[in-house]
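The basis for the numbers below is simple: all heavy atoms, side chains too, and nothing from hydrogens, waters or symmetry mates. As the structure is a prediction and not an experimental result, all values here were calculated from the model.
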Amino acid sequence: APAAAQPTAAAPSGAAASGEPIPIGIAVAQTSNVALFGQEQVAGAQVAEQYFNQKGGVNGRPIKLILQDTGGDEAGAINAFNTLINNYKVVGIVGPTLSQQAFAADPIADKAGVPVIAPSNTAKGIPQIGDYIARISAPVSAVAPNAVKAALNINPNIKKVVVLFAQNDAFSKSETVVFQQTVTNTFKLDLLGVQTFQTTDTDFTTQATFVLGANPDMVIISGLAADSGNLVKQLRDLGYKGVIVGGNGLNTPNLFPVCKSACDGILVAQAYSYQSESDVNKAFREAFKAKQNKEPGQFSGQAFTAVQVFVEALAALDKQSPIASADLAQLRTALNKQILAGTYDTPLGAISFTPEGDINQKQFYVAQVKMSPDGTSGAFEFIK
Ligand code: 1QQ
């Protein structure tokens with residue numbers, strides 16, 4: 001990640017203690033392959049900044065997002081966290097993008113007593129990293145099985161399954177466990193084989209050849225967008241005709257330029273739907289469309305929600321004891337407590353947190369990728 005610019009004239013104990021806008025760190029991937037997700041996160045967070053500041057911010061005081069690029073790896077996430085905590089004196093951090101990065105960077109925030117709201121870390125064990133780590137991204141155990149269930153509803157004859165996953169990525173390793181258990185334990189399907197790959201791979205001949213030889217009715221992929229997109233494309237190019245279920249790493253429209261027309265039909269479970277009826281979601285969806293000219297995807301909805309939780313927890317805290325007079329360390333600690341205590345009406349629905357900081361969320365969805373015949377444009381169509 002690039003070196004941080006020096007913060008401008010921050011008050012000694014941090015801007016939160018002055019009349020300045022309240023700084024909230026956004027540490028997501030703005031560069032690298034992981035920016036396929038991070039760009040959507042920045043867009044969602046910026047809509048939240050504008051929306052909540054127009055509504056008066058934190059009891060009349062605006063928030064200010066401080067963006068710090070993590071890139072796609074652990075070192076970049078660690079750098080971004082350190083910069084936001086020490087240079088920018090943020091009250092809390094939304095980030096990082098990957099669970100793989102969270103396991104490296106979150107302990108730094110936890111040790112410094114800085115609340116983190118994970119916007120997209122779905123691997124098992126994220127909230128357990130520490131007291132200051134919470135997430136609004138529902139875990140793989142709550143989300144992934146929905147896609148398998150939907151696939152079986154559409155195609156009741158599915159019996160034989162091959163599972164593939166990226167073995168160098170914490171989220172993918174966590175998600176594939178859930179998928180494999182869903183296949184064998186929940187639905188008693190035949191798991192013909194498990195194939196591994198790397199998130200840096202571009203050639204999937206070995207894996208695709210295995211799939212064609214095994215001849216399954218369904219394949220289930222846990223990887224990130226660039227690798228998974230190429231895997232899907234090479235599977236279809238080699239002649240695989242069965243069902244494809246993708247995990248959370250295939251949950252972005254930025255997948256479409258990778259697999260193009262071969263993306264058509266992929267089933268992906270969702271923790272957010274732009275069609276959700278709540279007032280806050282309608283406001284978010286309208287504001288997002290006005291800026292981005294497209295419907296918000298899950299990663300944007302989740303990033304908006306993470307910023308919303310910070311704003312509403314800050315406002316609640318400020319009413320109990322004015323945050324302008326708090327020392328930064330005390331404010332961060334009180335804010336962390338307040339985050340966990342609150343309930344929030346968000347684009348993800350009504351949410352709250354477990355004592356450990358995992359999200360309580362009720363509603364999940366499944367979408368299917370629909371590509372134009374020439375493969376140049378596509379959309380997630382909600383089927384559930
Ligand atoms: C994680 C994920 C990724 C797909 C986020 C982009 O769910 O790393 O936990």
Side-chain angles (χ1 to χ4, degrees), residues 33 36-37 144 146-169 171-172 175-176 179-180 182-183 187 189-270 297-298 366-384:
N33 269 347
L36 295 178
F37 311 105
N146 295 291
V148 179
K149 204 180 292 173
L152 290 168
N153 278 338
I154 299 169
N155 312 279
N157 295 326
I158 291 174
K159 286 273 168 329
K160 299 178 292 171
V161 182
V162 169
V163 167
L164 305 101
F165 73 96
Q167 61 181 346
N168 63 331
D169 177 66
F171 144 75
S172 301
E175 191 188 58
T176 195
F179 274 135
Q180 290 178 40
T182 304
V183 164
F187 292 112
L189 306 174
D190 296 338
L191 184 55
L192 302 179
V194 177
Q195 290 282 296
T196 59
F197 57 90
Q198 305 276 333
T199 55
T200 47
D201 284 349
T202 52
D203 180 354
F204 296 91
T205 311
T206 307
Q207 293 84 357
T209 303
F210 177 89
V211 169
L212 271 288
N215 194 26
D217 308 309
M218 172 165 71
V219 302
I220 306 180
I221 301 171
S222 294
L224 302 182
D227 44 332
S228 300
N230 280 312
L231 171 56
V232 166
K233 183 168 187 320
Q234 289 169 40
L235 276 170
R236 293 303 191 203
D237 284 353
L238 269 184
Y240 174 66
K241 299 257 187 315
V243 173
I244 298 180
V245 164
N248 202 38
L250 291 84
N251 200 352
T252 167
N254 292 329
L255 177 79
F256 304 159
V258 187
C259 40
K260 303 196 178 74
S261 61
C263 303
D264 195 64
I266 299 173
L267 290 161
V268 184
Q270 309 279 330
Q298 177 199 270
V366 177
Q368 186 160 32
V369 177
K370 185 80 205 148
M371 298 300 299
S372 63
D374 67 356
T376 56
S377 67
F380 285 103
E381 288 186 350
F382 282 81
I383 60 171
K384 190 199 151 260

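- Partners of F256 under the ring-ring contact (aromatic ring centres under 6.0 Å, His included) rule, at least two apart in sequence or in another chain, are F380.
- For the salt bridge (Lys or Arg N to Asp or Glu O under 4.0 Å) condition, the pairs that include at least one residue of residues 223-240, sequence neighbours left out, are K233-D237.
- I383 and A150 make their closest contact through CD1-CB, 4.2 Å (heavy atoms, listed as atom of the first residue, atom of the second, distance).
- Between the side chain of S372 and the main chain of S377, a donor-acceptor pair closer than 3.5 Å is present.
- In this view, F165 satisfies the ring-ring contact (aromatic ring centres under 6.0 Å, His included) rule with no residue, not counting sequence neighbours.
- Considering only residues two or more places apart in sequence or on other chains, L238 meets the side chain to side chain contact (heavy atoms under 4.5 Å, CB included) condition with A208, T209, L212.
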Problem set entry | Worked check of side chain to side chain contact (heavy atoms under 4.5 Å, CB included) between N33 and T199 | CA-CA 9 Å; N33 269 347; T199 55; over 6 Å; no

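- Side-chain atoms of Q234 come within 3.5 Å of backbone N or O of F204 as a donor-acceptor pair.
- Across all non-hydrogen atoms, the minimal contact from S172 to A166 is CB-O, 3.4 Å.
- A salt bridge (Lys or Arg N to Asp or Glu O under 4.0 Å) check over residues 194-223, counting only residues at least two apart or in different chains, returns nothing.
- Side-chain contact check for L231 versus V219: every heavy-atom pair is 4.5 Å or farther apart.
- Among pairs with a residue in residues 374-384, none fulfils salt bridge (Lys or Arg N to Asp or Glu O under 4.0 Å), at least two apart in sequence or across chains.
- Looking at F197 and T206, their side chains never come closer than 4.5 Å, going by heavy atoms from C-beta outward.
- Here side chain to side chain donor-acceptor pair (under 3.5 Å) pairs that include residues 238-248, with residues two or more places apart or in two chains, are N248-N251, N248-Q298.
- Considering only residues two or more places apart in sequence or on other chains, D190 meets the salt bridge (Lys or Arg N to Asp or Glu O under 4.0 Å) condition with none of them.
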Exercise. So D264 and K370, side chain to side chain contact (heavy atoms under 4.5 Å, CB included) or not? Walk me through it.
Worked result: CA-CA 5 Å; D264 195 64; K370 185 80 205 148; 4.1 Å; yes

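- In this structure A151 satisfies the side chain to side chain contact (heavy atoms under 4.5 Å, CB included) test together with I158, M218, V243, V245, L267, sequence neighbours excluded.
- Here the closest heavy-atom approach between residue Q207 and residue L164 is recorded as CB-CD2, 3.8 Å.
- Partners of L36 according to the side chain to side chain contact (heavy atoms under 4.5 Å, CB included) rule, which considers only residues two or more places apart in sequence or in another chain, are A225, A226, N254.
- Pairs passing the salt bridge (Lys or Arg N to Asp or Glu O under 4.0 Å) check and including a residue from residues 148-165, sequence neighbours excluded, do not occur.
- Between T196 atom OG1 and N168 atom CG the span is 9.5 Å, to the nearest 0.5 Å.
- The nearest pair of heavy atoms linking G229 to C259 is O-CB, 3.3 Å.
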For this session: Could you give me the CA-CA distance, side-chain angles and deciding distance for I221 and I266, then say whether side chain to side chain contact (heavy atoms under 4.5 Å, CB included) is met?
Result: CA-CA 10 Å; I221 301 171; I266 299 173; over 6 Å; no

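- Of all non-hydrogen atoms in A144 and E175, the two that sit nearest each other are CB-CG, 4.2 Å.
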For this session: Go through the steps to decide whether V161 and V148 satisfy the test side chain to side chain contact (heavy atoms under 4.5 Å, CB included), and finish with yes or no.
Result: CA-CA 11 Å; V161 182; V148 179; over 6 Å; no

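- Residues passing the side chain to side chain contact (heavy atoms under 4.5 Å, CB included) test with A214, sequence neighbours excluded: V162, L192, F210, P216.
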